[in-house]
Amino acid sequence: MRHLEAPWPTRIALLLSTTVLIAGGASARSLPAFTGARPAASPVPTPAPAPEPAPEAADSPRASARAFVELTTRRGDFRGAARYLALPPAEQPRGPELARRLRAVLERHLDIDIDAVSPLSEGSTQDGLPAGVDIIGSVPDGRESQDPIFVVRSRDESGQYWAFSRQTVSRIDGWYDALPDRWVRDWMPERLQRYGPRGLMWWQWLAIPALVVLALVLGRILGAFTAAFLRRLFLRTPTEWNERLLNRSSPALTMLWAVAVAAALLPWLALLPPALGFVRSLLGGLATLAVFWALWRSVDVWARFLMERPWAADSPSARSLLSVTRNLAKVLVGVGGVVATLAALGYPVATVLAGLGIGGIALAFGAQKTIENLFGSVALAADQPFRVGDFVRIEDFAGNVERIGMRSTQIRTLDRTLVSLPNGKLADMRVEDFASRDRIRFAATVGLVYGTSEEQVRRVVSGIEAMLRANPKVWPETVVARLAALSPVSLEVEVQSWFETSDFGEFRNLRQEALLGIMRIVAEAGTSFAYAPQAVHWSGPASGPAR
């Protein structure tokens, strides 16, 4: 609701009177009777106490304006309110109607500030108007100017009071005919035109739910027609992402249509300017929210589209990085949507952004571990040191990676226990990933008994090398089978090769076949494996005589 400022003549008169008072006080202080002894420093002037407000007289313009508002707005007594209209004799029968029309004009264009109207019986004496005439505001005249609304001092059998002047009464019909909600006020029952909560008439409270339901129904219908049209249009394109995007953004599209329908039907509610401004801000906020909702849902579509590209489909690290980027993009879109919606609702965005900055500082101090783990997850997704399902060794334990989350990574150990490591710390640890091997090393030391001839040793060495090279899974670049050392208990033959597999289960089978082949080759060469001599400790009675 708007409140009238004091008219410019009143403001000029107040300014002049204040200047005279200040000048008079200064001149009074300069008189000899007020000088006295000269002080050491200039004294600080004591502010004059604020004048007490004058009591409201029963026959003042304020009392009459209050009575008119009370009768027309709260009681609906237009016959009683007609007393406060200076009606010509020919207009006396139209008094109640003119009071109702004036109330409608004032509600639309002027919210009378009762406290700004003079409380004195004689009215304001500083507005530059003739005695017995006051002005309480102005309304648009339809020609980009304002028509003043005057009240004049009147008298009837009940005593003295103030009434709207004949000049004002003569313009009521013209002002009323220019109202945008005239058609509602002409046929709506008077009881429904009375005001309820929040400054809305009762018929408006009844119409708002109907408008919301109608907007939702029409928005759903228009959204369905729009989606069907776009879907038929997208069928002519070779790509599929546009249809996915349409499916994901259909709810937001329906919401946008509902807001558009509500905005189109809003003039039919004939809301007063304050309520109209609030509803428009609310609709703007809902439209902004719908746009960011569509953007938020479309992030999944674009992330999936990028993950299906050849450069990402063949790169696990790229897919993981896209997954983290998708989550961060949704967070940014969500925060941007909240800020933009608050701005559309009229909240000071600068204050919100400053609050976010202060909140960011508090977050940096109070949730630094969480932020560290978040950036650790980004680093793990970018570097891709391991993937879900990989067998890894991290410092003093090993196991399979079960889950890589935004805060921690869970690893199932060989003892079937679950270890959770914060991503912030895990990014700095030494991680050995066995699943990323392109081949697995096979190493063994074959000990032959002493007494094995040189010829037998050569047959064993050549046989082992030939057996390994004959295996299609052995990497042919490096196959080692050589006599390595003459230990105190055996002739040691070094065997080393690599199996081209990353599956440890398959490696176990290949290793078993290789060991069985070595056993066969040693047996065919006519020799045998050496074994470490066992020390025998005798614990029986001593054979010699006791001493």
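Just so we're clear, the structure is a prediction, and the values are computed from it rather than from any experiment. The basis for the numbers below is simple: all heavy atoms, side chains too, and nothing from hydrogens, waters or symmetry mates.
With a 4.5 Å cut-off on side-chain heavy atoms, Val392 and Phe434 do not count as touching. Side chains of Leu253 and Trp293 form no contact here, defined as non-hydrogen atoms less than 4.5 Å apart. For the pair Arg297 and Ser249, the minimum side-chain heavy-atom distance is 4.5 Å or more. Residues Arg304 and Arg326 fail the side-chain proximity criterion, which asks for heavy atoms closer than 4.5 Å. In this structure, the side chains of Met255 and Leu286 come closer than 4.5 Å at one or more pairs of heavy atoms. The closest side-chain heavy-atom distance from Leu414 to Phe391 is below 4.5 Å. The side-chain heavy atoms of Gln410 and Ser420, taken from C-beta on, include a pair separated by under 4.5 Å.
A salt bridge between Asp300 and Lys330 is present, with a side-chain N of the basic residue lying under 4.0 Å from a carboxylate O of the acidic one. Between Arg439 and Glu500 there is no salt bridge, since none of the side-chain N atoms of the basic residue sits less than 4.0 Å from a carboxylate O of the acidic one. A salt bridge does not link Glu455 to Arg459: none of the charged side-chain nitrogens sits closer than 4.0 Å to a carboxylate oxygen.
With sequence neighbours excluded, the residues that form a side-chain hydrogen bond (donor to acceptor under 3.5 Å, both in side chains) with Asn247 are Arg231. Applying the salt bridge (charged side-chain N to carboxylate O under 4.0 Å, His left out) criterion to Arg437, with sequence neighbours excluded, gives no partner residue.
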